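Nothing here was measured: the structure is a model prediction, and the numbers come from that model. In what follows, chains are A, B, ... by sequence order, proteins preceding strands, each numbered from 1.
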Number of protein chains: 2
Amino acid sequence: MPSRRLAHRVRSRLIPRRPRLRSAETRLRIIEAALQAFGDAGFDGALTREIARAAGIQQPLINYHFGSKHGLWQAAVEHLFGRLEASVEEALPRLGSLDPRDALAEVLELFVHFNAEHPELARLMIKEATARGPRLEWIIERHVRPSFEAVLQLVRQAQRHGSLYGIEPASAYCLFMGAATSVFVMAPAFQLLTGNDPFSAERRAAHAAALVRLFLPERTARRDTAAVRVERRPN
Amino acid sequence: MPSRRLAHRVRSRLIPRRPRLRSAETRLRIIEAALQAFGDAGFDGALTREIARAAGIQQPLINYHFGSKHGLWQAAVEHLFGRLEASVEEALPRLGSLDPRDALAEVLELFVHFNAEHPELARLMIKEATARGPRLEWIIERHVRPSFEAVLQLVRQAQRHGSLYGIEPASAYCLFMGAATSVFVMAPAFQLLTGNDPFSAERRAAHAAALVRLFLPERTARRDTAAVRVERRPN
DNA sequence: GTCTATAATTAGATAGAC
DNA sequence: GTCTATCTAATTATAGAC
């Protein structure tokens, strides 16, 4: 039908369909839904159909935009680490001028707040980290190793100032990760056990303060720590 | 074929096939394989075929013994918590006579060593804890809540002696869990990042010592802590 | 109790219209 | 770019022989 093709060609010049914009919007909505799903249920537990439903599109669109479920997973991880890296970049200039121990405390707090805002990151990571495989190797080499090395440097500097005595830096990294993320990673379990929401502003602040107190006790007094409410519950 | 049936009946009386024993053995082998698989890949990622292969039996036997994949998961969790509870029972008499802070330190060390021996427990738990669902509710109410309450009691007692100041007990529980288990949970990632094995005897001991130092710094000097090797690596 | 064979279901991916 | 319809492959579960 040449006439129809012609009509289409004409219309396509008159009406700017901004295909890139719509595409980018759709991609983003899919990615947000995917992060939620992968974080909740892991790669195998997450269903592309469910992700599509949550994003308000049809399932084959995922393959159109990302090629495969694995491609979607990578794009989602990429997106989230991009946000984390942006947060760090933003804080970086401030950190340079600080005492290394204060810098470490700042990084800990930043990390706590990022995890409260985006619990998917640690959920997703930990689900891949329990067994070797292509996804783990990809995420480690592409995203984790740089921040790992940076934290090691910070820890070594803090240790030269007498903090974190006798803890191997790589162990300190794992301790940080575990202690900082666990409440948010297992928030549904925390909710079932205590009836409380770990994402509330007070609880985030208390959590960050507790972490700094644990890892850098000598820093606590010098910083304006958020009030810690020790709560009384019937049990 | 009546003659064959008769022969079978006769033979079955002469040769004691000890069916229960074989059954119990098989069940155990399936459960061990299942724990590994569920811990590595989560409920959805674990395949009953693979579990059967690892256990050296055929896949339908799983349904014969456990009814369903979900039944197998429950039996495996039950088995593992049984072991944990046995460890705790064993240590309990010793703990009663201790200062609550020392008792807490002992519990931390016991928990570290159990997790080093059975990383599946925390792997499995954390994979269910990220989203509400029937498996999470079952495991929380049946297995986690009792130990949660016990730890809260210990923390409150330790706080009355001045330890863990200003940390809400439920938060302390999460911090313990995260800090104690993370190296073992994400052992494959740790291995990729550092080239080291977190399960070695020295590393377990160092990890336990670091944890006690973090949470109960005043206890450290009084206890025979394992030597902590601060290791030097090229990077 | 354990096996072989297979049914039933459902996942991710593709084809093709619009 | 997005949709509908469908394919292919792989999973858990069942039937039935031994």
Which of these nucleotides, D:dA15, D:dT11, C:dA11, is closest to any side-chain atom of B:Leu47?
D:dT11
When the rotation axes relating C1' atoms of four end pairs to the next four are compared across the helix from C:dG1-D:dC18 to C:dC18-D:dG1, five pairs an end, they differ to 10° by 0°
Salt bridge A:Glu50-A:Arg53, side-chain N to carboxylate O under 4.0 Å:
yes
Select base, sugar-phosphate, or nothing to describe what A:Ala46 touches, counting heavy atoms under 4.0 Å on all strands.
sugar-phosphate
Could you work out which one of C:dT14, C:dC3, D:dG1 sits closest to the side chain of A:Pro60?
C:dT14
To the nearest Å, how far apart are B:Arg53 CZ and D:dT11 P?
13 Å
Would you indicate, yes or no, if C:dA13 has its OP1 or OP2 atom less than 4.0 angstrom from a side-chain nitrogen or oxygen of A:Gln59?
no
Inspect the contact between B:Arg123 and B:Asp40 and indicate whether a charged nitrogen and a carboxylate oxygen are less than 4.0 angstrom apart.
yes
Nearest-angstrom distance from the residue atom CZ of A:Arg49 to P of C:dA11
7 Å
Under-4.0 Å salt bridge between B:Glu78 and B:Arg83
no
To the nearest 0.5 Å, how far apart are NE2 in B:His207 and CG in A:Leu175?
5.5 Å
Considering only side-chain heavy atoms of A:Gln58, which listed nucleotide, D:dA13, D:dC3, D:dT2, is closest?
D:dC3
Full working for salt bridge (Lys or Arg N to Asp or Glu O under 4.0 Å) between B:Arg204 and B:Glu109:
CA-CA 9 Å; B:Arg204 292 181 197 194; B:Glu109 291 188 352; over 6 Å; no
From CG of B:Asn63 across to C1' of C:dT9 the rounded distance in Å is 14 Å
Between CZ of B:Phe66 and C1' of D:dA13 the distance, given in whole Å, is 16 Å
Looking at D:dT2, I'd like to know if its phosphate oxygens (OP1 or OP2) sit under 4.0 Å from a side-chain N or O belonging to A:Thr26.
yes
Does C:dT2 have OP1 or OP2 sitting under 4.0 Å from an N or O in the side chain of B:Tyr64?
no
What nucleotide, of D:dG1, D:dA5, C:dG12, holds the atom closest to the side chain of A:Lys69?
C:dG12
Figure out the CZ/C1' separation between B:Arg22 and C:dC3, and round it to whole Å.
12 Å
Nearest-Å distance, CD1 (B:Ile62) to C1' (D:dT14)?
14 Å
For C:dG12, does either OP1 or OP2 sit under 4.0 Å from a side-chain N or O belonging to A:His70?
no
Pair listing, salt bridge (charged side-chain N to carboxylate O under 4.0 Å, His left out) test, anchored in residues 55-76 of chain A, at least two apart
none
Going by the rule salt bridge (charged side-chain N to carboxylate O under 4.0 Å, His left out), which residues pair with B:Arg135 if we only count those two or more places apart in sequence or in a different chain?
B:Glu128
Whole-Å distance separating the CD1 atom of A:Ile30 from the C1' atom of D:dT2:
10 Å
Rounded distance (Å) that lies between atom C1' of D:dG1 and atom CZ of A:Arg29:
14 Å
